[in-house]
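Only this structure's heavy atoms are used, side chains among them; waters, hydrogens and symmetry mates stay out. In what follows, chains are A, B, ... by sequence order, proteins preceding strands, each numbered from 1.
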There are 2 protein chains.
Amino acid sequence: MARTKREQDRDAKRDEIVAAARRLFVDEGFEAASISRLATAVGVAPNTLYWYFKDKDEVLVAVLDAEFSARMAEYLLLPPGDVTERLLWVAQQLDRVRRLVATVHARLEKSPALNAWHERFHALSEEMLRVELRQAGVAEAAIGARVKISVFAIEGMLAHPLPEAEKRAICAALAAG
Amino acid sequence: MARTKREQDRDAKRDEIVAAARRLFVDEGFEAASISRLATAVGVAPNTLYWYFKDKDEVLVAVLDAEFSARMAEYLLLPPGDVTERLLWVAQQLDRVRRLVATVHARLEKSPALNAWHERFHALSEEMLRVELRQAGVAEAAIGARVKISVFAIEGMLAHPLPEAEKRAICAALAAG
DNA sequence: ACCTGAACACCGTTCAAGT
DNA sequence: ACCTGAACACCGTTCAAGT
């Protein structure tokens, strides 16, 4: 909804920073990618970033938003039906950002903005998983706990990389009616 | 197995550092508890700690070892039988160190020592959980995936605090034969 | 062997000054 | 409004020097 030319320019610059941050954070991790290096990648002085973002965590939130939207768009295009395969796809996509997932969990307490993002993300994820499990035929009475377990299992697969076969077995167990 | 007086002194001092680090790391978190503050707590100069530990991550590994032994001793004294209650107990005990769990996952790639500790910990945890689930009557063919799911679910409950009732429902679902 | 003061190379962030 | 040079208050770690 940028109206004025000035706001458009500002948003464009902000997007440029987020794009560079996305590459750096995803490829090298949040801690390893310093504000200095990010600024160099964008072509500005380090403190210039603070004109566009309150702090480094706010840059991270913007990166997470961008990453989430991109994956979400693909998820919605997924062929329906085989819930095991759909869960596996989610686990595989999240795998690209597993460093970031660990960072988010580690920084929750320090950054209220990140904490808020995390809660929104989980609310959304649980809603979607609820649909998937219902689709898979999980009994309605058990679905609350089963949704949580599925979310945690998918997160666990990020923190602890497993061979493909084991991942599939886990997703199948999660989708078992 | 400290033999000489000198080795005894050294070990005592090391233990002293670990005890102080344990308090600081558990109460305030690994990142928030700086080497400087740890040194002050022990009563030495910051760089003195490097005489006893290679780096800050090695202090963390020592803290994790100490914490794990303490909890393990209690676990072995637990009344057998109700697997749901036993899982819940584990989740509750781990809750004391949930900041540390997040830190471990976030630092795995940076610290080989931490990574090694983490793998040993999971190997042990899975062994124990395997026994619990077998006890609960989980079918042998499904037990591999179910063990992983249980580990991940317990870890998930640390990263995302839940009301007691939900935790119990999750543990019950995990223990369901 | 054990401990330290001083220094190093960073880090995220702030501030006063420029345009 | 946007950007910067310089500085601030940290951080973990190293090194040469002391005992």
Side-chain angles (χ1 to χ4, degrees), chain A residues 2-18 20-21 24-25 28-63 99-100 103-104 106-114, chain B residues 2-18 20-21 24-25 28-63 99-100 103-104 106-114:
Chain A
R3 308 294 281 273
T4 70
K5 178 72 163 59
R6 178 160 271 155
E7 281 169 329
Q8 280 177 35
D9 284 356
R10 186 180 169 81
D11 285 2
K13 189 89 186 182
R14 217 187 119 106
D15 289 349
E16 207 181 313
I17 296 170
V18 173
L24 276 173
F25 289 180
E28 311 182 14
F30 178 77
E31 288 84 2
S34 71
I35 289 283
S36 275
R37 300 221 298 118
L38 174 54
T40 302
V42 178
V44 294
N47 47 358
T48 297
L49 300 181
Y50 291 86
W51 184 256
Y52 295 91
F53 297 92
K54 187 178 149 283
D55 53 28
K56 200 187 174 188
D57 286 291
E58 213 181 73
V59 181
L60 177 55
V61 168
V63 165
R99 269 208 209 82
L100 254 33
T103 298
V104 168
R107 299 187 65 78
L108 279 184
E109 291 185 6
K110 264 190 197 163
S111 166
L114 203 54
Chain B
R3 309 293 282 273
T4 70
K5 179 71 164 58
R6 176 160 272 156
E7 280 168 331
Q8 278 178 36
D9 284 356
R10 185 179 172 81
D11 285 3
K13 188 90 186 179
R14 217 187 119 107
D15 289 348
E16 208 182 312
I17 296 170
V18 172
L24 277 173
F25 290 178
E28 312 183 14
F30 177 77
E31 288 85 0
S34 70
I35 288 284
S36 275
R37 299 222 297 117
L38 174 55
T40 302
V42 179
V44 295
N47 47 0
T48 297
L49 300 181
Y50 291 87
W51 183 257
Y52 295 91
F53 297 92
K54 185 178 148 283
D55 53 30
K56 201 186 173 190
D57 287 291
E58 211 181 75
V59 181
L60 177 55
V61 168
V63 165
R99 270 208 208 81
L100 255 33
T103 298
V104 167
R107 298 187 64 80
L108 279 184
E109 292 185 5
K110 264 190 195 163
S111 167
L114 203 53

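- Residues A/Tyr50 and A/Glu58 are not in side-chain contact: their nearest non-hydrogen atoms beyond the backbone lie 4.5 Å or more apart.
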- Report the secondary structure of DNA chain D in dot-bracket form, marking unpaired bases with a dot and bases paired to a different strand with |, and treating Watson-Crick or G-U pairs with both distances under 3.5 Å as paired. ||.|||||...|||||.||
- Base-contact (B) and sugar-phosphate-only (S) positions in nucleotides 6-19 of chain C, heavy-atom cut-off under 4.0 Å, - elsewhere: B----SSBBB----
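- Contacts of A/Asp15 classified as salt bridge (charged side-chain N to carboxylate O under 4.0 Å, His left out), with partners at least two apart in sequence or in another chain: none.
- Every pair passing salt bridge (Lys or Arg N to Asp or Glu O under 4.0 Å) that includes a residue from residues 32-45 of chain B is listed here, sequence neighbours excluded: B/Glu28-B/Arg37.
- Distances shown here put every side-chain N or O of B/Arg10 at or beyond 4.0 Å from the OP1 or OP2 atom of C/dA1.
- One distance of note links CG of A/Leu24 with CD1 of A/Ile17; it measures 12.5 Å at 0.5 Å rounding.
- Annotation: the span from A/Leu49 atom CG to A/Lys13 atom NZ amounts to 9.5 Å, rounded to 0.5 Å.
- When rounded to the nearest whole Å, the span between NZ of A/Lys5 and P of D/dA1 equals 17 Å.
- By the salt bridge (charged side-chain N to carboxylate O under 4.0 Å, His left out) test, B/Asp9 is found to be paired with B/Lys5, residues two or more places apart in sequence or in another chain being considered.
- Side chain of B/Lys13, nearest nucleotide from C/dT4, C/dC2, C/dC3: C/dC3.
- The closest side-chain heavy-atom distance from B/Ile35 to B/Phe53 is not below 4.5 Å.
- When the P atom of C/dC2 is taken as reference, atom CD1 of B/Ile17 falls 11 Å away, rounded to whole Å.
- Here A/Tyr52 lies in heavy-atom contact (under 4.0 Å) with sugar-phosphate atoms only.
- In this structure the side chain of B/Trp51 never reaches within 4.5 angstrom of the side chain of B/Val44, judged on heavy atoms.
- Checking the phosphate oxygens (OP1, OP2) of C/dC2, a side-chain nitrogen or oxygen of B/Trp51 falls inside 4.0 Å.
- As rounded to whole Å, 14 Å separates atom P of D/dC3 from atom CZ of A/Arg14.
- Atom C1' of nucleotide C/dC2 and atom CG of B/Leu49 are separated by 13 Å, given to the nearest angstrom.
- Contact between the side-chain N/O atoms of B/Arg6 and the OP1/OP2 oxygens of C/dA1 is not found at any separation under 4.0 Å.
- Listed by chain and residue number, A/Phe30, A/Glu31, A/Leu60, A/Arg107 satisfy the side chain to side chain contact (heavy atoms under 4.5 Å, CB included) test with A/Thr103 (two or more places apart in sequence, or in another chain).
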